[in-house]
Amino acid sequence: QVQLVESGGGSVQAGGSLRLSCVASGYTYKRYCMGWFRQPPGKEREGVAVIDSTGFTSYTDFVKGRFTISKDNAKNTLYLQMASLKPEDTAMYYCAAASGDLCWRVGWSKQQYAYWGQGTQVIVSS
């Protein structure tokens with residue numbers, strides 16, 4: 001059974017930084033795509049960043065240059081380092097994992113990600 005558990009959210013002032021973590025248990029695919037999504041208040045869930053087993057990474061335009069996704073395979077942990085945070089980054093952040101395929105095939109569609117964490121809240125004040 002796959003379980004994703006996020007942590008690291010919190011409240012920060014604009015311009016600050018946070019690092020989100022997602023510990024994955026039971027997720028043993030050799031080929032994989034994992035990512036971070038977020039859901040701002042009153043809005044749809046949207047993709048933020050993805051990484052796959054080849055080391056490929058991709059970011060949506062509104063976080064490029066500010067956020068960095070990485071994975072520590074030894075710890076089975078996915079990270080999202082967030083810098084230069086803006087109030088519009090305020091959202092519930094979710095870790096997601098697809099079922100054994102690479103990101104260029106999985107894409108950004110939420111429906112392609114079979115596994116989700118419970119979310120961690122990020123609040124950025126101006």
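The first residue of the sequence shown is numbered 1, and numbering continues consecutively from there.
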Does Gln39 form a side-chain contact (heavy atoms from CB on, under 4.5 Å) with Glu46? I'd like the steps, not just the answer. CA-CA 6 Å; Gln39 188 163 12; Glu46 59 191 11; over 6 Å; no
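With sequence neighbours excluded, the residues that form a salt bridge (Lys or Arg N to Asp or Glu O under 4.0 Å) with Asp101 are Arg31, Arg105. Listed by chain and residue number, nothing satisfies the salt bridge (Lys or Arg N to Asp or Glu O under 4.0 Å) test with Asp52 (two or more places apart in sequence, or in another chain). A search for side-chain contact (heavy atoms from CB on, under 4.5 Å) contacts involving Asp61 returns Lys64, not counting sequence neighbours. Among residues two or more places apart in sequence or in another chain, the side-chain contact (heavy atoms from CB on, under 4.5 Å) test is passed with Thr28 by none. Applying the ring pair (Phe, Tyr, Trp, His ring centres under 6.0 Å) criterion to Trp116, with sequence neighbours excluded, gives Phe37. For Gln111, the side chain to side chain donor-acceptor pair (under 3.5 Å) partners at least two apart in sequence or on another chain are Ser109. With sequence neighbours excluded, the residues satisfying ring pair (Phe, Tyr, Trp, His ring centres under 6.0 Å) with Tyr29 are Tyr27. With sequence neighbours excluded, no residue forms a salt bridge (Lys or Arg N to Asp or Glu O under 4.0 Å) with Lys30.
Residue Leu102 shares its hydrophobic cluster (ILVMFWY side chains chained together at separations under 4.5 Å) with Trp104.
Nearest heavy atom pair, residue Ser70 against residue Ile51, reads CA-CD1, 4.0 Å. Taking both residues in full, the closest heavy atoms of Met92 and Gly119 are given as SD-C, 3.7 Å, listed atom of the first, atom of the second, then distance. The shortest non-hydrogen separation linking Leu4 to Cys95 is CD1-O, 3.7 Å.
The side chain to side chain donor-acceptor pair (under 3.5 Å) analysis of residues 7-17, with sequence neighbours excluded, yields no pairs. Every pair tested for ring-ring contact (aromatic ring centres under 6.0 Å, His included) that includes a residue from residues 52-101 fails, sequence neighbours excluded, so the list is empty.
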In a table with atom names and distances, give each donor-acceptor pair under 3.5 Å that connects a side chain of residues 83-91 to protein atoms at least two apart or in another chain.
residue : atom : partner : partner atom : Å
Asp89   : OD1  : Arg38   : NH1          : 2.9
Asp89   : OD1  : Arg66   : NH2          : 3.0
Asp89   : OD2  : Arg66   : NH1          : 2.7
Asp89   : OD2  : Arg66   : NH2          : 3.4
Asp89   : OD2  : Lys86   : N            : 2.8
Thr90   : OG1  : Pro87   : O            : 2.9
Thr90   : OG1  : Val124  : N            : 2.9
Thr90   : OG1  : Val124  : O            : 3.4

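In this structure, Ile69 CD1 and Leu78 CG are separated by 4.5 Å, a value rounded to the nearest 0.5 Å. Separating the CG atom in Leu18 from the CE atom in Met82 is a distance of 4.5 Å, to the nearest 0.5 Å.
Cluster annotation: Val48 is not connected to Tyr113 through the hydrophobic network of ILVMFWY side chains, with a link wherever side-chain heavy atoms come within less than 4.5 Å.
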